[in-house]
Amino acid sequence: MSISKDILKQCLISKQREVDEAVIVNRPVEFEENGNYVIVGVRHAGKSYLLYQHVRQLQAAGKGWDEILFADFEDERLAEFQTEDFNSLLEAHLELYGKKPIVFLDEVQNIPHWDKFVRRLADAKYRVYVTGSNAKMLSKEVATTLGGRFFIYDAYPYSFKEYITAQQVKLNEHWEYDTIQRSEVKRHLNEYFYYGGLPEILSFKNKRAMLSGLYQKIYLGDICARNNIKNDRILNILIKKMAESVKQPLSYNRLKNVIVATGSPISVPTTIDYVDYAIDSWLILPMENEIGKLTEKEMQKKYYFVDNGLLNLFLINSETSLLENMVAVELCRRFGKKNVFFLSAEKEIDFVVPDVKLAIQVSYSIKEDATRNREVAPLVKYSKTHEDWTCLLITYDEEGTEEGIPVVPAWKWLMEK
């Protein structure tokens with residue numbers, strides 16, 4: 001049975017009030033004026049608030065709610081929404097206002113054939129913004145349906161600079177030389193380091209409990225239920241192994257063997273499927289070896305968690321893994337996840353970004369000689385054959401130069417312009 005237009009109108013009007021009253025931390029996102037967008041990312045990364053932010057920008061430019069349709073598909077009143085209701089949604093807005101709207105569809109991924117509807121809107125010259133928590137929204141079939149008419153925007157949790165803004169920290173010019181302000185930034189980094197940048201955690205005292213609940217939603221909802229996984233124990237073991245191995249390349253065979261060793265038979269193809277499910281949910285960011293052969297790139301990758309807080313649920317003595325994970329996510333945020341690689345040759349370099357000629361090594365501390373030599377030597381060697389590249393060693397809080405390689409503390413690197 002179709003949802004009545006009265007219910008649809010109630011949903012539209014109540015969402016308008018919610019958007020108008022929302023407290024928004026503006027993020028540095030610029031949408032093409034005439035572009036259509038699909039915004040994807042892990043649950044609670046702030047995708048909805050990116051839409052709210054853009055609605056506010058449209059309002060500042062003179063648009064009213066008579067020209068904006070905003071539907072939230074996590075509204076329980078839309079729980080029975082089906083494909084045929086999409087047209088009724090447009091009709092409900094037209095009956096209210098009589099104007100062709102800019103269309104915002106929030107968390108639309110569970111509605112059948114949503115992609116065909118938004119393609120029809122784009123063909124009819126509507127401007128459309130869509131969000132969803134499942135990377136399967138961008139499967140080959142969906143991408144084909146959208147036909148190049150949509151920009152894809154990856155929404156990550158807050159960067160550290162955004163986190164600082166959300167904490168209402170006001171930094172003066174040259175704040176890094178002010179002892180008090182620098183100490184305040186470092187204090188916030190310590191919290192960000194362990195609990196991550198998911199926007200909702202700022203309002204919780206018991207951040208770990210909130211993160212654990214969110215993980216259960218991703219694990220049981222976005223992964224197990226959506227992919228009809230009967231034996232969730234196997235998936236849980238796989239994710240835990242990926243967490244404890246976050247700094248090392250990990251093969252599908254290795255993952256399979258770990259699972260089999262716990263008494264759960266599984267094949268390599270099924271292991272690959274389970275890894276893909278974790279990636280599809282945006283829990284995991286895969287990274288390839290920049291100089292690996294095709295089979296190695298596909299079969300042996302590094303896997304990072306999209307947020308330090310989620311990763312830290314699985315770790316003990318976590319500092320070295322959390323620092324590398326934090327840098328990995330920031331690089332993916334800055335340059336795009338398909339443009340960041342690790343380098344595994346004679347000596348490994350943690351990250352290379354060929355598009356901007358950047359190579360980065362990460363070490364929590366280099367106070368010990370053995371650690372310093374192990375981390376610096378690959379960068380020195382690499383810099384000699386890549387003289388026009390920027391090579392950095394990022395630590396948690398140490399600074400200086402080692403054999404011509406700049407050593408940069410994480411707080412300073414994360415806050416750079």
Please name all residues satisfying salt bridge (Lys or Arg N to Asp or Glu O under 4.0 Å) with [X], sequence neighbours left out, ordered by chain then number.
X    : answer
D397 : K186
E330 : R333, R334
R56  : none
D307 : none

Could I get the full list of ring-ring contact (aromatic ring centres under 6.0 Å, His included) partners for [X], not counting sequence neighbours?
X    : answer
Y153 : none
F117 : F86
H386 : Y382, W389
Y163 : Y192

Worksheet item: Is it true that W282 and Y156 have ring centroids separated by less than 6.0 Å?
Response: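 W282 vs Y156: aromatic centres under 6.0 Å.
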Worksheet item: Which residue pairs satisfy the ring pair (Phe, Tyr, Trp, His ring centres under 6.0 Å) criterion with at least one member in residues 236-270, sequence neighbours excluded?
Response: none
Practice prompt. If a pair satisfies ring pair (Phe, Tyr, Trp, His ring centres under 6.0 Å) and one of its residues is in residues 355-378, list it, with sequence neighbours excluded.
Written response: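 Ring pair (Phe, Tyr, Trp, His ring centres under 6.0 Å) check on residues 355-378 returns Y364-Y396.
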Worksheet entry | Residue pairs, two or more places apart or on separate chains, that pass side chain to side chain donor-acceptor pair (under 3.5 Å) and touch residues 229-248 |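 Qualifying pairs: N228-K230, R233-S264, K241-E244, K247-T320.
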Response to the item:
Residues passing the side-chain hydrogen bond (donor to acceptor under 3.5 Å, both in side chains) test with N87, sequence neighbours excluded, are E91, R120
